[in-house]
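Working notes for the structure below.
Throughout, residue positions are numbered sequentially from 1 according to the sequence presented.
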Amino acid sequence: PAVLTGQPYIRAAETDADNSAAAFMRFTLQGPSDVYILTPCSAESAPGWLSSGFEKTDLHAATSAGSVAVWRSKGALLGGVTLGGNAAASPAMYVVVAVARSQ
């Protein structure tokens, strides 16, 4: 999707797909940003942290690994961000994209 093109992203290792830690990934945002999580469309469920802090959008993207669904944070995030593990919701790991909000 255009909103994600050229934006900074984090791709976790596929070998971490079974990780269920509540604090699996941490990063810092220097300014208010919308955080997007890309998950495989084949995922049967979403981890609790994802479904409670993010909303599934109507956006989808095609990747070399197949189609992905796009989730967006329910509000702008700033400073330290902690995301949970994939909890084996899918055999593939998620990708994180941060999009700074205009000041």
Side-chain angles (χ1 to χ4, degrees):
V3 68
L4 305 179
T5 301
Q7 300 300 325
Y9 68 93
I10 302 168
R11 181 173 179 187
E14 295 298 328
T15 55
D16 288 328
D18 287 334
N19 190 300
S20 60
F24 167 72
M25 182 184 296
R26 293 184 177 112
F27 55 93
T28 302
L29 298 168
Q30 298 300 316
S33 301
D34 290 311
V35 174
Y36 293 83
I37 309 293
L38 285 60
T39 63
C41 286
S42 62
E44 294 180 14
S45 63
W49 64 266
L50 181 60
S51 59
S52 66
F54 293 78
E55 55 192 5
K56 195 170 188 179
T57 70
D58 292 332
L59 302 174
H60 289 84
T63 70
S64 59
S67 183
V68 294
V70 179
W71 297 68
R72 181 181 55 235
S73 54
K74 290 183 177 176
L77 302 179
L78 174 64
V81 176
T82 301
L83 303 177
N86 201 39
S90 166
M93 221 20 215
Y94 58 81
V95 173
V96 180
V97 181
V99 179
R101 287 200 175 179
S102 300
Q103 296 291 331

**OP:** Report yes or no: do I10 and L78 belong to one cluster of Ile/Leu/Val/Met/Phe/Trp/Tyr joined by side chain heavy-atom distances under 4.5 Å?
**Re:** no
**OP:** State which residues pass ring-ring contact (aromatic ring centres under 6.0 Å, His included) with Y94; sequence neighbours excluded, sorted by chain then number.
**Re:** W49
Subject >> Distance-minimising heavy-atom pair for V81 and L29 >> reply: CG2-CD1, 3.7 Å
Original post:
Sub-3.5 Å donor-acceptor pair from the side chain of D34 to the main-chain atoms of R101, do we have one?
Top reply: no
**OP:** Quick one: closest heavy-atom pair of M93 and A12, and the distance?
**Re:** CG-CB, 3.5 Å
Show the atom names and distances, to 0.1 Å, of all donor-acceptor pairs under 3.5 Å that link a side chain in residues 68-77 to residues at least two apart or in another chain.
unit_1, atom_1, unit_2, atom_2, d
W71, NE1, T39, OG1, 3.3
R72, NH2, E55, OE2, 3.0
S73, OG, V35, N, 3.1
S73, OG, G75, O, 2.9
K74, NZ, S52, O, 3.0

Subject >> side chain to side chain donor-acceptor pair (under 3.5 Å) contacts in which one or both residues fall within residues 5-14, not counting sequence neighbours >> reply: R11-E14
Original post:
Measuring from I37:CD1 to M25:CE, what's the distance to the nearest 0.5 Å?
Top reply: 7.5 Å
**OP:** I would like to know whether L59 and L4 meet side chain to side chain contact (heavy atoms under 4.5 Å, CB included); could you show each step before the answer?
**Re:** CA-CA 10 Å; L59 302 174; L4 305 179; 5.7 Å; no
**OP:** Show your working on side chain to side chain contact (heavy atoms under 4.5 Å, CB included) between V3 and Y36 and close with a plain yes or no.
**Re:** CA-CA 10 Å; V3 68; Y36 293 83; 3.8 Å; yes
Subject >> Criterion side chain to side chain contact (heavy atoms under 4.5 Å, CB included) on L38 and V97, from CA distance to verdict >> reply: CA-CA 8 Å; L38 285 60; V97 181; 3.9 Å; yes
